[in-house]
Amino acid sequence: MDVKSLMTFREALNLALVREMEEDPSVFVFGLDVADHKRIFGSTQNLVEKFGTERCFGTPLSEDAMTGVALGAAISGLRPVHVHIRADFLLLAMNQIGNMMSNLRYMSGGKLTIPLVLRAVIGRGWGQSAQHSKSLHGIFAHFPGLKVVVPTTPQDAYGLLRASIRDDNPVIFLEHRWLYDISGEVDENEAAALGQAAVRREGDAVTLVCTSWMNVEALKAAEILSRRGVEVEIVDVRTVTPLDEETIVSSVNRTRHCVVADYDWIFCGFGAELAAVIGQGCFGRLKRPVERLGFAPAPCPTTRPLENLFYPSAPTIIRAVEKLLGLAETDLRGESFYSYEQRFKGPF
Amino acid sequence: MLDKKEALSLYQKLVLVRLAEETIREEYFKDEMKTPVHLGIGAEAISVGVCHCLPSGTKTFGTYRNHALYLAVTGDTDGFFAELYGRLSGPGKGKAGSMHLCAPEHGLMATSAVVGTTIPLAVGAALANAYRKTSDVVTVFFGDGAVEEGAFWESLNFASLKRLPVLFVCEDNGLAIHAHARERRGFRSIPDAVRAFECHLGAGDGSDIVDVVQSTRAMLGQMSQEPKPGFLHFTYFRFLEHVGPREDFDAGYREKPSPQELERLDPVRRLERELLRRGVAPSALETIRAEASAKVRRGAEEAQKAPFAPPAELTTDVWT
Ligand SMILES: Cc1ncc(C[n+]2csc(CCOP(=O)(O)OP(=O)(O)O)c2C)c(N)n1
Ligand SMILES: [Mg+2]
C-alpha cells in the first residue's frame with residue numbers, strides 16, 4: 001500500500017492523532033476548542049466523529065486544573081493529548097508543569113510514568129501582540145523531566161507527534177501557526193525518534209541552526225545567498241530536549257561558522273544553550289563567535305512595522321551571515337519575503 | 001426611571017460605540033487594521049451603563065472585548081482608531097492594538113487578552129484604595145468564561161474576606177468562543193455560586209441600558225452602606241463571531257434569533273424605542289447619530305494618515 005502523500009502540516013497533525021487513537025484506546029484528546037467547528041485550525045478535525053466525545057472533548061477555561069487533570073490521567077495509565085490554541089496559556093499551568101509534571105517520576109523513584117503530550121500553537125498571526133505570540137520552548141526545556149518538540153515539516157508534524165504520544169515522558173509539542181498551511185510529502189510508515197536533528201540543506205560556508213518557523217526563513221535566506229555563491233547548511237533541531245548535540249556540532253565543525261536562529265528571545269533563551277554547546281564542541285574550529293538571532297528584547301508589539309522588526313526573518317539571517325563571513329550586503333530590493341499575507345505554503 | 005436628559009446622554013455614548021464598531025466592520029476587510037477585533041455589538045450597554053454611574057476617574061479594568069469600555073471611559077475615538085490602525089498617536093503607540101487598550105489617565109488601568117487576568121488586578125487596586133483609607137470603588141469587567149478560571153474564585157474570596165471596594169461586572173453572553181455555558185459549567189448559575197460569598201449581589205438585563213444603570217446605582221448604594229465587594233451579573237447577546245467583523249449564525253453552533261428577538265437584544269434599538277416612546281423627536285436622535293458619525297469618521301480617517309512608530313519605539317517602554 002502506498003502510504004506517501006502530499007498533505008499540509010495541519011493534516012499531518014490530524015493524521016497522527018487519528019492513527020494513535022486508532023491503535024491505542026488509551027489515547028484521548030482534550031482542551032478548549034478541540035471539539036468546536038474550527039477544531040484548532042483543523043488539526044482536531046473528525047476526532048469527535050470517529051472516536052466520540054469521550055475521547056475528544058472541550059473543557060472549561062481552567063488551564064491550571066486541566067493540566068493537573070491530564071497529569072492525573074497519565075499517571076493512571078491513559079495517554080492524554082492536552083491541546084492549547086496558544087502556548088501563552090500554558091503559563092497559567094506552569095505550576096503543574098514545573099512543580100508536578102517534571103518531578104513526579106523522579107520523586108516516585110521511577111515508579112510513575114507520565115505519557116502525556118501538551119500540544120500548543122506558537123508564533124505570529126495577525127497582530128497577535130504580546131499575549132498570543134510566545135514560544136516558551138526554552139522555558140519548558142529548562143526543567144529536567146520534560147521533553148520539548150518543535151516540528152517544522154509535515155513529515156515531522158506527523159512522525160514526531162506520534163513519537164511524542166508513544167513516549168512515556170511528558171512532551172511539550174509546539175506548533176508554529178504559519179506552518180499549518182505548509183504542505184509536504186508524508187510517509188506514514190516513516191517512524192521518527194525524539195532527539196534527532198535534521199540537516200535540511202547542505203552547505204559549506206556557514207551552519208544555520210534553526211527552530212520551527214526559522215527553518216522556513218533560513219531556506220529563503222539560503223536561496224538568496226546561494227545566488228552569490230554562499231552555500232549555507234541548515235540544521236533543524238526538531239527537538240529541544242533531548243537535544244541532538246552531535247549533528248549540530250559536527251556540522252559547525254565542518255563549516256566553522258554558525259548562526260543560531262531561534263524563535264524566541266535571545267537573552268537566557270535556547271539560542272544561548274545552542275551557542276554554549278557549539279562553543280564547547282567546536283571551540284578550536286570556530287573562526288568567529290556564534291551569532292545569535294531571535295526576538296527583539298521587548299514584548300511583541302501589535303503594529304506591523306514594529307512587529308516586522310521584532311521577529312527574526314530571512315533578511316536578518318542574510319545580514320548575520322554576511323557579517324560573519326565579512327561579505328558586502330546583498331541588495332535585497334526586489335526580493336519577496338514571507339508575511340502574514342504571503343505565507344509559505346510549500347511543498348516543503 | 002432615568003430622566004429624559006440622562007437617557008439622551010446615554011444614547012449619545014451608546015451610539016458612539018456602536019458607530020465606531022460598525023466602522024470597524026466596514027473597514028476591516030481592507031486589511032489595514034492589523035489586529036484581531038473582538039467586537040462588542042450587543043454588549044455596549046453594560047460598559048456604557050456601568051461607567052455612566054461611576055465617578056469620573058474611577059479605576060477600571062477589562063478584557064480584550066474592550067471597545068465599549070475604552071470609549072465609555074474616554075470618549076476618545078481619535079486615539080481609539082489610531083491604535084486600531086497601529087499608529088503612534090494611539091494610546092499604546094500602536095503596540096497594544098485592539099486587545100490591550102488602556103487609558104490610565106482616565107482610570108482605565110488595563111485590559112488583557114488572557115482570560116481572567118485583570119480580575120485580581122482590580123482586587124489589588126481596591127486593596128490600594130482600602131490601604132489609603134478611601135472607599136473608592138474599583139470596577140472590573142469580564143466574560144462568563146472567566147468565571148471558570150481559578151483566579152476568579154481566588155480573587156472573589158480574597159476581596160470578600162477583606163471586604164474590599166471592588167465591583168465585579170460579569171458580561172454573560174453564554175458563550176466562550178463557540179462553547180455554550182452548559183458545556184463548561186458544573187454548577188447551576190453564576191449568581192447562585194457567587195451568593196455564598198460575603199459580597200453584594202445584583203443582576204440585570206445587559207441589553208437594556210436603563211436596567212444596567214438602575215442595577216449599578218443600587219449596587220453602589222449597597223456597597224457604600226455596607227462595605228463589601230459587589231458582583232453584578234448582566235446577560236447579553238453576542239451579535240457577531242467571537243473575533244472578527246462577521247456574523248456567524250451559519251457556523252452551526254447556535255441559532256439565529258428571530259428579527260423581533262434581535263430587536264429586543266439590541267441595546268441601541270432598545271433605548272431608541274424607549275426614547276421615542278417618551279416623546280423624544282426622531283430628529284433629535286438623528287442629530288445625535290450624525291454627530292457621533294462625524295466624530296467616528298474623522299477618527300478613522302485621521303488615523304490612516306497618521307505616522308507609525310519609528311523603529312526605536314520597538315524597545316522603548318520595556319523598562320522605565
Ligand atoms: C487563559 C485563557 N485561556 C484561553 C483563552 C482563549 N480564549 C480567548 S477568549 C475565550 C473565551 C472567553 O469567554 P468569556 O470569558 O465568556 O468572554 P467573551 O469572549 O464571551 O466576551 C477563550 C477561551 C485565553 N485568551 N486565555
Ligand atoms: Mg462569554
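From a predicted model like this one, the values you see are computed outputs, not experimental measurements.
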With a sphere of 6.0 Å drawn around CZ of B:F249, does it hold more than 12 non-hydrogen atoms of other residues, nucleotides or ligands? yes
Heavy-atom cut-off 4.5 Å, strictly under: side chain, backbone, both or neither for B:D317 against chain A? neither
A:Q128 and B:M99: which non-hydrogen atoms are nearest, and at how many Å? O-CE, 3.6 Å
Options B:K93, B:M33, B:R184, B:H178, ranked by heavy-atom pairs under 4.5 Å with chain A, top entry: B:H178
When every non-hydrogen atom of B:G86 is compared with those of A:T303, the smallest separation belongs to O-OG1, 2.6 Å
Which region of B:I177, side chain (C-beta onward) or backbone (N, CA, C, O), has a non-hydrogen atom less than 4.5 Å from a non-hydrogen atom of chain A, or is it both or neither? side chain
For B:S112, which atoms come within 4.5 Å of any heavy atom of chain A: side chain, backbone, both, or neither? both
Who wins among B:G150, B:A176, B:P311 for the most heavy-atom pairs under 4.5 Å with chain A? B:P311
After noting the C-alpha distance and the side-chain angles of B:T35 and A:W126, does the key distance pass the side chain to side chain contact (heavy atoms under 4.5 Å, CB included) rule? CA-CA 6 Å; B:T35 171; A:W126 177 254; 5.5 Å; no
Quick one: of A:D33, A:T59, A:L32, who has the most non-hydrogen atom pairs under 4.5 Å with chain B? A:D33
Find the distance between NZ (A:K38) and CG (B:D248) and round it off to the nearest 0.5 Å. 7.5 Å
Non-hydrogen atoms of A:G127 and B:P36 that approach each other most closely: O-CD, 3.2 Å
What's the separation between atom CD in B:E149 and atom CG in A:L92, rounded to the nearest 0.5 Å? 5.5 Å
Given salt bridge (charged side-chain N to carboxylate O under 4.0 Å, His left out), test A:E341 with B:K34 step by step and report yes or no. CA-CA 11 Å; A:E341 293 76 8; B:K34 298 180 197 300; 3.7 Å; yes
Can you establish whether the number of heavy atoms outside B:H242 located under 6.0 Å from its atom NE2 is more than 12? yes
Kindly assign one of parallel, tilted or perpendicular to the pair B:Y253 and A:H37, based on the angle between their ring planes and the thresholds 30° and 60°. parallel
For chain B, which of A:G125, A:A298, A:P299, A:S62 has the most heavy-atom pairs under 4.5 Å? A:S62
Any chance CD of A:E54 has more than 12 other-residue heavy atoms, nucleotides or ligands included, within less than 6.0 Å? no
A:L91 portion near chain B, given a 4.5 angstrom heavy-atom threshold: neither
When the 4.5 angstrom heavy-atom criterion is applied to A:D88 and chain B, the contacting part is neither
What distance separates A:E63 CD from B:E148 CD, expressed to the nearest 0.5 Å? 10.0 Å
Closest non-hydrogen atom pair, A:T302 against B:G94: CB-O, 3.5 Å
Is it the backbone or the side chain of B:A179 that comes under 4.5 Å from a heavy atom of chain A, or both, or neither? neither
For A:P297, is it the side chain, the backbone, both, or neither that has a heavy atom closer than 4.5 Å to a heavy atom of chain B? both
Specify which of B:A146, B:G186, B:P310, B:A96 makes the most heavy-atom pairs with chain A at under 4.5 Å. B:A96
For the student: nearest non-hydrogen atoms of A:Q131 and B:V114, plus distance: OE1-N, 3.4 Å
Report the distance from atom OH of B:Y85 to atom CZ of A:R304, rounding to the nearest 0.5 Å. 14.5 Å
When only pairs under 4.5 Å are counted, which of B:G97, B:A113, B:G92 shares the most heavy-atom pairs with chain A? B:A113
Write down the atom of A:L306, the atom of B:A309, and the distance for their closest heavy-atom approach. CD1-CB, 3.9 Å
